[in-house]
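Below is one structure, written out as structure tokens; comments come after it.
Any value given below was found using the heavy atoms of this structure, including those in side chains, with hydrogens, waters and symmetry copies removed. Note on naming: letters A, B, ... go to the chains in the order of the sequence lines (proteins, then strands), and numbering restarts at 1 for each one.
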Protein chains: 2
Amino acid sequence: MSRKAKPDVAQILEIGRTCVCFNVRKASRAVTHVYDSALRSVGLRATQFALLSAIKILQPVTVTHLAQATITDRTTLGRNLKLIEKKGLIRMLSGEDLRERNVYLTERGEGAVAKGISLWEEAQTRLTEQLGEERVERLLNDLSLLVEAARRV
Amino acid sequence: MSRKAKPDVAQILEIGRTCVCFNVRKASRAVTHVYDSALRSVGLRATQFALLSAIKILQPVTVTHLAQATITDRTTLGRNLKLIEKKGLIRMLSGEDLRERNVYLTERGEGAVAKGISLWEEAQTRLTEQLGEERVERLLNDLSLLVEAARRV
DNA sequence: CTCAGGTGAGAGTATATACACGTTTTGTCG
DNA sequence: CGACAAAACGTGTATATACTCTCACCTGAG
């Protein structure tokens with residue numbers, strides 16, 4: 001009784017069906033594939049397009065701020081920024097506070113976002129057609145609540 | 001007019017709000033953090049617990065089969081399997097068809113799943129409390145449809 | 001002013017993910 | 001039977017992710 005019994009397959013099946021983590025990650029892989037494919041022709045990954053978009057909105061913005069806004073680990077973000085900096089899409093400059101690095105879009109970065117938008121729109125439209133607009137809206141809302149919930153845990 | 005104009009911030013804001021990819025990935029990061037933290041005391045990542053669970057259900061199973069079942073790239077899966085093989089949690093043996101590698105849980109793998117279950121349950125329960133059971137059920141259902149939709153695109 | 005503690009960022013390490021390409025084995029058809 | 005297609009898997013390379021540790025810089029208490 002006190003000895004931990006081998007879990008049976010039925011129990012694991014139920015975990016697989018109900019686990020929020022597994023299922024969100026699985027969906028993340030499937031959806032990322034759609035957007036990565038769509039954006040390939042401009043040489044951007046979905047993550048990079050997302051990052052450029054966030055910078056477009058928040059610029060000038062520090063690394064830590066951007067990390068909080070995108071729910072990304074600061075060190076992860078730093079490495080992702082380095083990649084798009086090497087492509088010449090952003091600049092990172094120290095301001096008055098020498099610890100900070102302020103991130104800006106370059107002209108090329110602006111152009112990349114502009115080119116990405118139409119490709120993004122096509123992917124988003126095709127996916128929305130498959131899923132239905134109402135369901136997409138509901139899903140986005142639930143995902144937003146999920147992020148809040150996860151941060152409170 | 002034909003010249004691509006700089007997209008304005010309002011448009012990008014709308015993209016950030018509505019993009020299924022950004023928002024699923026963001027949720028994936030937030031949720032993974034919860035489950036990774038919960039499982040840390042047994043030395044498993046959420047991904048690894050998921051993988052062991054899938055093997056528990058499907059064993060013996062080939063790499064390609066497991067990849068299809070988990071919506072993971074075959075080469076990604078191969079590398080993830082190598083990590084839990086090194087920990088002694090699974091075995092990979094060739095069968096009659098020498099191209100195939102059949103994956104099995106070891107005794108230690110069974111034990112790891114058993115230990116992981118209670119930790120998983122705690123994380124899942126805390127998250128469900130924050131989000132509400134009905135919303136979790138709806139979200140899981142919508143995510144499942146999303147995966148199907150993404151695969152049809 | 002000084003320094004103790006806090007803050008912003010990078011480096012080291014490890015895992016997760018996937019595309020392009022190559023290798024071995026199997027199956028199939030003339 | 002032999003050549004060629006198909007299947008299963010691994011390797012090389014690149015990006016995404018995050019934890020731990022370290023360092024530089026800033027700021028406020030005394």
Exercise for the section: Could you pull out all residues at least two apart from B:Glu134 that satisfy salt bridge (Lys or Arg N to Asp or Glu O under 4.0 Å)? Expected result: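 Expected list: none.
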
Practice task
List in chain and number order the residues that pass salt bridge (Lys or Arg N to Asp or Glu O under 4.0 Å) with B:Asp97, two or more places apart in sequence or in another chain; answer none if no residue qualifies.
Solution key: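 Residues passing salt bridge (Lys or Arg N to Asp or Glu O under 4.0 Å) with B:Asp97: B:Arg99.
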
Practice task
Return the set of residues passing side-chain contact (heavy atoms from CB on, under 4.5 Å) with A:Ala50 (not counting sequence neighbours), or none when no residue passes.
Solution key: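 A:Ala50 satisfies side-chain contact (heavy atoms from CB on, under 4.5 Å) with B:Phe22 once adjacent residues are dropped.
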
Handout entry: For A:Leu119, side-chain contact (heavy atoms from CB on, under 4.5 Å) partners two or more places apart
Key =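 side-chain contact (heavy atoms from CB on, under 4.5 Å) check on A:Leu119 returns A:Leu39, A:Ser41, A:Val42.
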
Problem - Stem list, DNA chain D (Watson-Crick or G-U pairing under 3.5 Å, at least 3 consecutive pairs) - result: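 Counting only runs of 3 or more consecutive pairs, the stems involving DNA chain D are C:1-30 with D:1-30.
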
Handout entry: Same apolar cluster (I L V M F W Y, side chains within < 4.5 Å links), A:Ile84/A:Ile117
Key =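 Per the 4.5 Å side-chain linkage, A:Ile84 and A:Ile117 are co-clustered.
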
Practice task
Could you list who else is in A:Leu83's hydrophobic cluster, with ILVMFWY side chains joined at under 4.5 Å, directly or through other members?
Solution key: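 Grouped by the 4.5 Å side-chain rule, A:Leu83 forms a cluster of one, so the answer is none.
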
Under-4.0 Å side-chain N/O to phosphate OP1/OP2 contact, [X] with [N]:
{"X": "A:Thr76", "N": "D:dA18", "result": "yes"}
{"X": "B:Lys86", "N": "C:dA14", "result": "no"}
{"X": "B:Lys87", "N": "C:dT15", "result": "no"}

Within [range], which residues have any heavy atom lying less than 4.0 Å from an atom of DNA chain C?
{"range": "residues 89-105 of chain A", "value": "A:Arg99, A:Glu100, A:Arg101"}
{"range": "residues 16-42 of chain A", "value": "A:Arg25, A:Arg29, A:His33, A:Arg40"}
{"range": "residues 61-74 of chain A", "value": "A:Thr62, A:Val63, A:Thr64, A:Arg74"}

Exercise for the section: Report yes or no: is there a donor-acceptor pair, N or O only, under 3.5 Å between the side chain of B:Thr75 and the base of D:dC9? Expected result: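 Between D:dC9 and B:Thr75, which were checked side chain against base, a qualifying N/O pair under 3.5 Å is absent.
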
Tabulate below the donor-acceptor pairs under 3.5 Å that side-chain atoms of residues 146-153 of chain B make, not counting sequence neighbours, or state none.
residue: B:Arg152; atom: NE; partner: A:Gln130; partner atom: OE1; Å: 2.4
residue: B:Arg152; atom: NH2; partner: A:Gln130; partner atom: O; Å: 3.3
residue: B:Arg152; atom: NH2; partner: A:Gln130; partner atom: OE1; Å: 3.2

Handout entry: Steps toward side chain to side chain donor-acceptor pair (under 3.5 Å) verdict (A:Arg101, A:Thr62)
Key = CA-CA 5 Å; A:Arg101 303 247 281 153; A:Thr62 65; over 6 Å; no

Practice task
Look only at the side chain of A:Ser118 and the backbone of A:Lys115, and say whether a donor-acceptor pair between them is shorter than 3.5 Å.
Solution key: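 Present.
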
Problem - Residues in side-chain hydrogen bond (donor to acceptor under 3.5 Å, both in side chains) contact with B:Arg108, at least two apart in sequence or another chain - result: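 side-chain hydrogen bond (donor to acceptor under 3.5 Å, both in side chains) check on B:Arg108 returns nothing, list empty.
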
Exercise for the section: Would you please test B:Thr72 and B:Thr70 for side chain to side chain donor-acceptor pair (under 3.5 Å) and show each step? Expected result: CA-CA 5 Å; B:Thr72 309; B:Thr70 56; 2.9 Å; yes

Exercise for the section: Enumerate the residue pairs fulfilling salt bridge (charged side-chain N to carboxylate O under 4.0 Å, His left out) with a member in residues 123-132 of chain A, sequence neighbours excluded, ordered by first and then second residue. Expected result: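 Of all non-adjacent pairs touching residues 123-132 of chain A, those that pass salt bridge (charged side-chain N to carboxylate O under 4.0 Å, His left out) are A:Glu122-A:Arg126.
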
Between [N] ([atom2]) and [X] ([atom1]): distance, integer Å:
{"X": "B:Asn80", "N": "D:dC9", "atom1": "CG", "atom2": "P", "value": "15 Å"}
{"X": "B:Gln48", "N": "C:dT15", "atom1": "CD", "atom2": "C1'", "value": "7 Å"}
{"X": "B:Leu81", "N": "C:dT17", "atom1": "CG", "atom2": "C1'", "value": "14 Å"}

Practice task
Begin from the C-alpha positions of A:Thr47 and B:Arg25 and carry the test side-chain contact (heavy atoms from CB on, under 4.5 Å) through to its verdict.
Solution key: CA-CA 9 Å; A:Thr47 302; B:Arg25 288 182 71 86; 3.2 Å; yes

Problem - Of the listed nucleotides D:dT17, D:dT11, C:dA16, the one nearest the side chain of A:Arg79 - result: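 So the side chain of A:Arg79 is nearest to D:dT17.
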
